[in-house]
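Here the structure is a predicted model, which is why all the values come from computation and not from measurement.
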Amino acid sequence: MKKIKLKPFVIPSISVFLLITAITAVLLNLPETNNFSKNITNIDYVTKTILDDEVAVINTTTTIINPYTDQSVVIGKYFYDYKADATKQEKSIIYHDDTYMQNSGIDFISENTFDIVAVLSGTVSNVSENETLGKIIEINHDNGYVTIYQSLSEVNVKKGDTVSQGQVIGKSGTNELDKEIGNHLHFEFYANGQVVDPTFYLNKELSQIKSKE
């Protein structure tokens, strides 16, 4: 095959031609690029979560706990309920100074002294000592709840203190009113100023209680 030798001036000409062709191709494509730039302004950007029905990972529901942690603690006297059977009513009567009284709370008993804990977070509204009832702690909580802890041998808080749920606030003890049951805690629960049966509230979720009140 015969080889063709290009003259020196032909090579620069070819280079210029190729450059012009490339520039022309870019210019021809510019309208499409400009259209894309115009259209991009019409895009709806995501401004909220994709999952509208997302569920929180942590459950923030609060459950009212027992006023003790010792597993040996049991109920010695129940809250008096006129609808209860005769056997339970017998276990909810207090006899003191030749007088029978209806129990306005629950008496939790154990052979050994046990820690008393706050059933909910709140503020200590009063700390006192009574000759008949022993040492007493009163705590105000949200939702109109008040809890009272009587017959304490020790008190670990003072009036005005903020306490957390489960915080140890004292220890069980004895008193003159219920001295026949020995070491115990007398616990009362008030909802909107009315004394109520604590069993309707202990170990229940606040949201569950509120829906029934």
Side-chain angles (χ1 to χ4, degrees), residues 63-141 144-204:
T63 299
I64 302 175
I65 64 175
N66 288 321
Y68 58 87
T69 56
D70 191 328
Q71 297 302 310
S72 69
V73 175
V74 296
I75 295 178
K77 285 187 182 294
Y78 292 91
F79 177 87
Y80 183 84
D81 184 356
Y82 71 93
K83 297 178 182 179
D85 57 56
T87 302
K88 192 170 184 178
Q89 285 183 344
E90 288 178 9
K91 293 182 179 180
S92 58
I93 296 295
I94 299 171
Y95 181 74
H96 180 70
D97 276 350
D98 297 326
T99 304
Y100 289 96
M101 296 175 285
Q102 299 170 350
N103 197 13
S104 56
I106 293 179
D107 293 295
F108 296 101
I109 64 173
S110 178
E111 290 184 5
N112 302 314
T113 301
F114 55 92
D115 287 337
I116 308 303
V117 301
V119 300
L120 282 170
S121 297
T123 303
V124 178
S125 53
N126 195 29
V127 174
S128 61
E129 185 169 1
N130 183 279
E131 192 175 290
T132 303
L133 303 176
K135 293 181 173 65
I136 305 166
I137 298 173
E138 179 180 308
I139 301 177
N140 285 348
H141 311 279
Y145 298 150
V146 176
T147 52
I148 295 178
Y149 311 76
Q150 295 179 358
S151 188
L152 306 181
S153 60
E154 293 182 20
V155 171
N156 299 345
V157 294
K158 64 182 184 302
K159 183 177 180 179
D161 283 354
T162 298
V163 296
S164 302
Q165 184 183 52
Q167 179 180 332
V168 175
I169 58 175
K171 291 185 179 295
S172 61
T174 60
N175 62 25
E176 288 298 315
L177 185 64
D178 294 306
K179 60 183 178 181
E180 77 279 1
I181 62 175
N183 175 64
H184 71 284
L185 162 70
H186 177 79
F187 176 75
E188 296 183 0
F189 198 105
Y190 290 77
N192 299 316
Q194 299 294 319
V195 63
V196 295
D197 186 347
T199 57
F200 294 154
Y201 291 79
L202 296 177
N203 302 305
K204 303 291 193 308

request  = For His141 and Val146, run side chain to side chain contact (heavy atoms under 4.5 Å, CB included): C-alpha distance rounded to whole Å, both residues' side-chain angles, the deciding distance at 0.1 Å, then the answer.
outcome  = CA-CA 6 Å; His141 311 279; Val146 176; 5.6 Å; no
Can you measure from [atom1] ([X]) to [atom2] ([Y]) and round to the nearest 0.5 angstrom?
X      : Y      : atom1 : atom2 : value
Tyr78  : Ser92  : OH    : OG    : 10.0 Å
Asp85  : Glu90  : CG    : CD    : 9.0 Å
His186 : Asn103 : NE2   : CG    : 5.0 Å
Ile94  : Asp107 : CD1   : CG    : 6.0 Å
Thr113 : Glu154 : OG1   : CD    : 8.0 Å
His184 : Phe114 : NE2   : CZ    : 8.5 Å

Has the side chain of [X] got a donor or acceptor atom that lies under 3.5 Å from a matching backbone atom of [Y]?
X      : Y      : value
Asn183 : Asn112 : yes
Ser121 : Gln165 : yes
Asn66  : Tyr68  : no
Lys88  : Phe79  : no
Lys77  : Ile93  : yes
Gln89  : Asp81  : yes
Thr123 : Asn140 : no

Where is the tightest heavy-atom contact between [X] and [Y], given as atom of each residue plus distance?
X      : Y      : result
Ser104 : Val195 : O-CG2, 3.2 Å
Glu131 : Glu176 : O-CG, 3.7 Å
Ser125 : Ile139 : OG-N, 4.0 Å
Ala118 : Val163 : CB-CG2, 4.1 Å
Asn156 : Gly170 : ND2-N, 3.9 Å
Ile137 : Ile169 : CD1-O, 3.3 Å

[atom1]/[X]: more than 12 non-hydrogen atoms of other groups inside 6.0 Å:
X      : atom1 : value
Lys204 : NZ    : yes
Glu180 : CD    : yes
Glu111 : CD    : no

Do the side chains of [Y] and [X] get nearer than 4.5 Å, heavy atoms only?
X      : Y      : value
Gln150 : Asn130 : no
Ile136 : Leu152 : no
Leu185 : Ser110 : no

Residue pair Asp197, Ile106: steps toward the side chain to side chain contact (heavy atoms under 4.5 Å, CB included) verdict = CA-CA 8 Å; Asp197 186 347; Ile106 293 179; 4.2 Å; yes
query = Going by distance alone, is a donor N or O of one side chain under 3.5 Å from an acceptor N or O of the other, for Tyr149 and Thr147?
reply = yes
ask   = Taking the six-membered ring for Trp, are Phe108 and Phe187 parallel (under 30°), tilted (30 to 60°) or perpendicular (over 60°)?
value = tilted
key: Full working for side chain to side chain contact (heavy atoms under 4.5 Å, CB included) between Thr174 and Ser153   = CA-CA 7 Å; Thr174 60; Ser153 60; over 6 Å; no
query = Tyr145 and Tyr201: aromatic ring centres closer than 6.0 Å?
reply = yes
Pair Thr132-Asn175, side chain to side chain contact (heavy atoms under 4.5 Å, CB included): steps then yes or no = CA-CA 6 Å; Thr132 303; Asn175 62 25; over 6 Å; no
